[in-house]
Number of protein chains: 2
Amino acid sequence: MVFGLDDADLKVMLIQRAGAPFEGRWALPGGFVRPDETLDEAARRELDEETGLKRVFLEQLYTFGAIKRDPRERVISVAYYALCNLRDHKVQAATDASAAAWFDLHKLPALAFDHDEILKTAVERLRGKVRYVPIGFELLPRKFTLTQLQRLYEKILDRQLDKRNFRKKVLAMGILEETDEMQQGVAHRAARLYRFDEPSYKRMVKQGFNFEL
Amino acid sequence: MVFGLDDADLKVMLIQRAGAPFEGRWALPGGFVRPDETLDEAARRELDEETGLKRVFLEQLYTFGAIKRDPRERVISVAYYALCNLRDHKVQAATDASAAAWFDLHKLPALAFDHDEILKTAVERLRGKVRYVPIGFELLPRKFTLTQLQRLYEKILDRQLDKRNFRKKVLAMGILEETDEMQQGVAHRAARLYRFDEPSYKRMVKQGFNFEL
DNA sequence: CATCTTAGTGTCGCACGCACACCATGGCAA
DNA sequence: TTGCCATGGTGTGCGTGCGACACTAAGATG
């Protein structure tokens with residue numbers, strides 16, 4: 001699964017199946033593992049082939065092994081999910097002619113196979129993980145405003161957060177680096193841009209720091 | 001992996017390999033998935049076959065897919081872990097003559113294949129999960145004392161906890177049911193036995209309750 | 001220059017987490 | 001029977017972090 005943040009909304013990329021079974025239905029991108037590659041490598045290769053994305057966050061989710069998942073034959077799927085932002089990474093449609101599109105998580109079509117279940121598992125994982133691991137930053141451009149960050153967390157957690165408390169907390173963690181750049185081209189007061197300070201985050205984790213939002 | 005609590009220590013069950021490769025080395029129990037069973041079913045069947053355990057907590061952990069994990073051929077392993085207590089469930093050695101034994105997590109031999117890595121992943125998961133999901137109770141007998149519960153958490157989290165604060169917190173959650181039974185056959189004041197109140201825990205979760213220790 | 005939109009900032013009360021020490025109980029041995 | 005020993009069981013006070021809450025600042029636009 002590829003999750004992306006499109007200014008306002010959290011979206012997932014689906015591709016439309018060209019052949020049977022489930023012809024015309026939307027499905028999660030995927031493919032088969034080759035004998036000479038690890039699962040991680042296979043996931044990265046498929047991601048690249050179907051979306052052109054490289055060097056994004058990618059993590060194994062869960063392995064689905066129901067017997068009749070695929071009506072043709074027994075298939076076991078090791079699901080992975082990736083996070084990216086749609087600004088820095090232009091996502092190209094898959095090269096093999098099948099249609100690809102971003103879908104808002106609240107407006108999903110019926111999916112092929114057991115992909116509804118897989119997607120649901122991924123959203124739960126994302127929702128659980130985003131609170132105590134700073135993976136949310138993967139969805140934002142490298143430089144972002146605090147308001148963007150807050151909107152992101154509001155989307156994922158599905159509830160409103162208080163602006164002052166949010167800023168206070170996230171700044172107090174000391175994992176954001178203030179840049180001297182400001183937002184450009186907005187029709188109101190420009191906000192300051194921040195950067196996620198990964199090295200100092202990692203240093204702090206080693207000393208027992210616990211990210212939590 | 002099968003984790004068990006043996007009064008004092010958290011242990012894992014290993015079996016000694018009878019044949020090549022890694023003959024004589026200790027390894028995690030496991031086996032192959034059959035065409036007519038799901039992954040969960042396969043995990044349960046193997047667990048039963050190798051330890052006689054039924055109806056215990058069992059959960060998928062992670063899928064390991066490095067290329068040369070098994071020197072013979074490409075094998076992808078979907079790892080599961082189970083929790084049980086060694087009092088209520090008598091664990092019998094595997095029927096197929098291979099030796100089985102419990103090992104303290106701090107005194108492990110070198111394991112076959114990449115089983116060290118798998119086990120390490122499981123311990124991390126257990127350590128992370130035990131704090132916000134009440135799976136710790138799976139390792140205790142159905143009725144247990146608060147001190148037993150505390151010892152368990154101290155083992156898993158690997159640090160000392162304050163008795164008064166621990167009791168206060170865990171009792172305040174309202175997920176423990178006080179029984180009218182007392183500990184038997186101890187050479188000091190007997191402690192009261194408690195039971196994990198799963199129905200009321202589930203009810204509370206539905207209303208937004210968050211277990212956390 | 002008025003208006004509009006978002007940026008950015010501080011306080012206070014409360015609840016929770018943590019540190020901390022003593023009496024109760026019951027078995028056992030002298 | 002009595003003393004001893006080991007563990008069970010209990011409350012308070014302090015500090016910190018969390019959540020609720022509203023107004024001024026800046027910059028673009030017409």
Side-chain angles (χ1 to χ4, degrees), chain A residues 5 7-9 130-132 134 140-141 143-155 157-195 204 207-213, chain B residues 5 7-9 130-132 134 140-141 143-155 157-195 204 207-213:
Chain A
L5 190 72
D7 278 343
D9 289 309
V130 84
R131 290 188 46 208
Y132 62 97
L140 293 174
K143 296 173 183 175
F144 50 85
T145 71
L146 294 183
T147 301
Q148 282 180 304
L149 185 62
Q150 183 178 344
R151 295 250 177 288
L152 168 61
Y153 273 84
E154 287 177 338
K155 283 280 169 245
L157 301 179
D158 222 346
R159 65 191 167 100
Q160 296 280 103
L161 301 172
D162 178 83
K163 181 159 66 156
R164 277 172 294 190
N165 293 335
F166 183 84
R167 298 163 96 91
K168 205 194 320 177
K169 194 162 174 181
V170 77
L171 286 176
M173 287 188 198
I175 58 173
L176 293 189
E177 196 181 351
E178 185 177 306
T179 73
D180 48 8
E181 291 172 63
M182 295 299 210
Q183 216 174 14
Q184 300 287 332
V186 283
H188 54 78
R189 177 173 173 183
R192 180 171 298 279
L193 295 176
Y194 289 81
R195 197 183 359 230
M204 290 166 69
Q207 292 164 21
F209 167 77
N210 266 326
F211 178 86
E212 198 177 329
L213 253 174
Chain B
L5 190 72
D7 277 343
D9 290 309
V130 84
R131 291 187 46 209
Y132 61 96
L140 294 174
K143 295 173 183 174
F144 50 84
T145 70
L146 293 183
T147 301
Q148 282 179 305
L149 185 62
Q150 184 179 343
R151 294 251 175 289
L152 168 62
Y153 272 85
E154 287 177 338
K155 284 282 169 244
L157 302 179
D158 222 349
R159 66 189 167 96
Q160 297 278 104
L161 300 172
D162 180 82
K163 182 162 63 154
R164 277 173 293 191
N165 292 335
F166 183 83
R167 296 164 96 91
K168 206 193 322 177
K169 194 162 172 181
V170 76
L171 286 176
M173 286 188 199
I175 58 173
L176 293 188
E177 194 181 350
E178 185 177 306
T179 74
D180 47 8
E181 290 171 64
M182 294 301 208
Q183 216 173 15
Q184 300 289 330
V186 284
H188 52 79
R189 176 171 174 185
R192 181 172 298 280
L193 295 175
Y194 290 81
R195 202 190 348 240
M204 290 165 70
Q207 293 163 21
F209 166 76
N210 266 326
F211 178 87
E212 198 177 330
L213 252 175

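Any value given below was found using the heavy atoms of this structure, including those in side chains, with hydrogens, waters and symmetry copies removed. Here the structure is a predicted model, which means the values were calculated and not measured. Within every chain, numbering begins at 1; the chains are lettered A, B, ... in the order of the sequence lines, protein sequences first and strands thereafter.
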Checking contacts here: which listed nucleotide ([options]) is nearest the side-chain heavy atoms of [X]?
{"X": "B/Arg189", "options": "D/dC18, C/dT5, D/dT7", "value": "D/dT7"}
{"X": "A/Arg192", "options": "D/dG19, C/dG8, D/dA6", "value": "C/dG8"}
{"X": "B/Ala187", "options": "D/dT10, D/dT29, C/dC28", "value": "C/dC28"}
{"X": "B/Arg164", "options": "C/dG26, C/dA21, C/dG10", "value": "C/dA21"}
{"X": "B/Arg167", "options": "D/dC21, C/dT5, D/dT10", "value": "D/dT10"}

Assign A/Thr147 to base, sugar-phosphate, or nothing according to its heavy-atom contacts below 4.0 angstrom with the strands shown.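 Counting heavy atoms under 4.0 Å across all strands, the contact made by A/Thr147 is with sugar-phosphate only.
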Per nearest nucleotide of DNA chain D, the residue lying toward the 5' end, B/Gln183 or A/Lys168, is B/Gln183
Given atom [atom1] of [X] and atom [atom2] of [N], what is their separation to the nearest angstrom?
{"X": "B/Lys169", "N": "D/dG9", "atom1": "NZ", "atom2": "C1'", "answer": "20 Å"}
{"X": "A/Leu149", "N": "C/dG8", "atom1": "CG", "atom2": "P", "answer": "13 Å"}
{"X": "A/Gln160", "N": "D/dG19", "atom1": "CD", "atom2": "P", "answer": "14 Å"}
{"X": "B/Asn165", "N": "C/dC16", "atom1": "CG", "atom2": "P", "answer": "14 Å"}
{"X": "A/Leu146", "N": "C/dG8", "atom1": "CG", "atom2": "P", "answer": "7 Å"}
{"X": "A/Leu171", "N": "C/dG10", "atom1": "CG", "atom2": "P", "answer": "12 Å"}
{"X": "B/Gln184", "N": "D/dG8", "atom1": "CD", "atom2": "P", "answer": "15 Å"}
{"X": "A/Leu176", "N": "C/dG8", "atom1": "CG", "atom2": "P", "answer": "12 Å"}

Tell me, do A/Ile175 and A/Phe209 make a side-chain contact under 4.5 Å, heavy atoms counted?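 Yes - at least one pair of side-chain heavy atoms lies under 4.5 Å apart.
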Heavy-atom side-chain contact between B/Leu171 and B/Glu178 under 4.5 Å: no
Heavy atoms from other residues, nucleotides or ligands near CZ of A/Arg131 exceed 12 (cutoff 6.0 Å): no
Counting only heavy atoms not in B/Arg151, do more than 12 fall under 6.0 Å of its CZ?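 Check fails, neighbour count at 12 or below.
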Contact under 4.0 Å: A/Lys163 side-chain N or O vs C/dG8 OP1/OP2: no
Where is the tightest heavy-atom contact between A/Arg192 and A/Thr179, given as atom of each residue plus distance?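 Of all heavy-atom pairs spanning A/Arg192 and A/Thr179, the closest is NH1-O, 2.9 Å.
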